[in-house]
Amino acid sequence: MSESNHYGFMLPDELVLLRDQIRRFMREEVKPIEDKLAHDATVASPEDRKMLKEKAAAMGLTRLTVPEEYGGNNVSAMARVIIAEESAKCRLGGYNPALGAFGGGPPNIIWSGTSEQIEKYGIPCVEGQKRAFVAITEPTGGSDPRNNISTRATKNGDHWVLNGRKMWITAALGADYGIIFARTKDGTENAPPEITAFIVEPTFPGISFNEIGVIRALSPYEIVLDNCEVPAENVLGEIGQGFGVAQRWLVDARIPYAAGCIGMAQEALDMACGWVKQRAARGGMLGDKQAIQWMIADSEVELRAARMLVYDAASKVDSGLPGKVDASICKLYGTETAGRVVDRAIQMFGGMGVAKEMPLERWYRELRVKRIGEGPSEVHRMVIARDKLRNTDGGMYFG
Ligand SMILES: Cc1cc2nc3c(=O)[nH]c(=O)nc-3n(C[C@H](O)[C@H](O)[C@H](O)COP(=O)(O)OP(=O)(O)OC[C@H]3O[C@@H](n4cnc5c(N)ncnc54)[C@H](O)[C@@H]3O)c2cc1C
């Protein structure tokens, strides 16, 4: 174990090295490019993106999450959370962890596809030549996808025909393909509806995109599927097994999602500490005031607790244990904690906290989304409570 203090957590040496490498890359390479961008811009110029990708590749920071047989490093879940936490401190890393660089690669579920699908859709993402979206949510609701997905897929000869609408799909426009989940069989009293995953390209007939403006700069999209024709070989996984595919995607994404939120909030708290030490306030500095110190103390404690939950979930996944409930726990607590910490940081900065020249108000808006995306807090509470009730007998006095 290393002596390095990771905000209260002792990381093994190799993860300290990885963290320091990412941190240096974000500070020295990514932040200067971010500083040139307009306040809300989420994408750097093509030249800057190319330059960043090349530098990241030279440092061995690309392909971190790609399986070894496809030329990747397939790093542990623990390494992924370190990468997410550090890279989210810069908005380019937070919005676009792939950047072609950080944990770059396609949605993990593509690796369970056929060799042709991997060749056509997986590898080009690794090479930075293609980008993908994942579309589960619909206007009928996203919290209960198994029952809410009503986009219909019907087989017609050598292709499937998709009809329906997807909502709130991140980075859909301009992507080279998307994994779209559709209903292939209605449910009965005893069986839920069957869902199937399809790989859909924007050039297929019958697909269109509409931007949805939201609280943050990076817009999601509505996707309209109007007799959209998808070749039969573009079914991802087994027909009718799409819900399991969606679950794999969601559970895998939630732990680094929470880590990214913690990274943003930690940066906000660190900024606030720098500020209160040099801001004068009635006979001293802001940092001397108990009201301010309590905000700092509460934020530090809550962030450490949130980080422990993230690391705990990641280490379970790395040990091959089921991580679904742990992922819900750290997603819930990580996103809610990060929102509170950024809110306090804004308060400590006063007017400057909401000024556009600072990243705080952007983080504040972004973190509001994080309590809804990847499943709203209430649904995660439901998952956690159900698991607790199922596995708890009443304890020593009531069991
Ligand atoms: C910016 C953004 C980007 C997104 N990107 C994607 C994407 O790339 N791909 C994708 O598929 N989806 C994406 N989503 C969709 C997101 O996953 C859904 O918004 C989320 O799952 C909630 O679904 P919903 O909005 O339909 O809300 P609903 O399901 O209608 O729920 C509304 C609210 O009701 C409450 N609620 C719901 N169910 C329960 C329950 N059982 N018990 C108690 N309360 C409950 C919650 O407070 C919830 O917020 C994105 C959303 C946003 C805002």
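As the structure lists them, so they are numbered: ligands from 1, and atoms in each ligand from 1. If you're wondering where the values come from, they're calculated on a predicted model, not measured in any experiment.
- Under the 4.0 Å distance rule, the nearest protein heavy atom to atom 33 (C) of ligand 1 falls outside the cut-off.
- Any N or O atom pair closer than 3.5 Å counts here, and E378 shares at least one such pair with ligand 1.
- Using cut-offs of 30° and 60° for the angle between ring planes, the F209 and F133 rings count as perpendicular.
- Residue, atom and distance of the protein heavy atom nearest to atom 19 (O) of ligand 1 are I372 CG2, 3.6 Å.
- S143 OG, 3.3 Å is the protein heavy atom nearest to atom 31 (O) of ligand 1.
- Of the protein's heavy atoms, at least one falls inside 4.0 Å of atom 5 (N) of ligand 1.
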**OP:** Could you go through the salt bridge (Lys or Arg N to Asp or Glu O under 4.0 Å) check for D176 and K120 one step at a time?
**Re:** CA-CA 11 Å; D176 300 277; K120 187 170 178 190; over 6 Å; no

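- The shortest heavy-atom contact between Y121 and E201 is OH-OE2, 2.5 Å.
- A 6.0 Å sphere centred on CH2 of W275 holds more than 12 heavy atoms belonging to other residues, nucleotides or ligands.
- Looking only at protein heavy atoms, the nearest one to atom 26 (O) of ligand 1 is G142 N, 2.7 Å.
- Under the side-chain contact (heavy atoms from CB on, under 4.5 Å) criterion, R282 pairs with K289, sequence neighbours left out.
- Proximity of M382 to ligand 1, defined as any heavy-atom pair under 4.0 Å, is confined to the side chain (atoms from C-beta onward).
- Among all non-hydrogen protein atoms, the one lying nearest atom 8 (O) of ligand 1 is T170 N, 3.0 Å.
- For atom 30 (O) of ligand 1, the nearest protein heavy atom (residue, atom name, distance) is G141 CA, 4.2 Å.
- Shown here are the side-chain contact (heavy atoms from CB on, under 4.5 Å) partners of K356, two or more places apart in sequence or in another chain: H39, E361, R365.
- In this structure, atom 16 (C) of ligand 1 lies nearest to the protein heavy atom T137 OG1, 3.8 Å.
- V134 O, 2.9 Å is the protein heavy atom nearest to atom 9 (N) of ligand 1.
- In this structure, K55 forms no cation-pi arrangement with F25, as its terminal cationic atom is not both closer than 6.0 Å to the ring centre and no more than 45° off the ring axis.
- At the shortest separation from atom 14 (N) of ligand 1 among protein heavy atoms lies W168 O, 3.2 Å.
- A salt bridge does not link D20 with R24: none of the charged nitrogens is closer than 4.0 Å to a carboxylate oxygen.
- The shortest N or O to N or O distance between M167 and ligand 1 is not below 3.5 Å.
- For the pair R216 and ligand 1, the shortest N or O to N or O distance does not fall below 3.5 Å.
- For V369, every heavy-atom contact with ligand 1 shorter than 4.0 Å involves the side chain, none the backbone.
- Other residues, nucleotides and ligands contribute more than 12 heavy atoms inside 6.0 Å of the NZ atom of K130.
- Counting only distance, with no hydrogens or angles, the side chain of H380 and the backbone of I329 share no donor-acceptor pair below 3.5 Å.
- Proximity of D144 to ligand 1, defined as any heavy-atom pair under 4.0 Å, is not found for any part of the residue.
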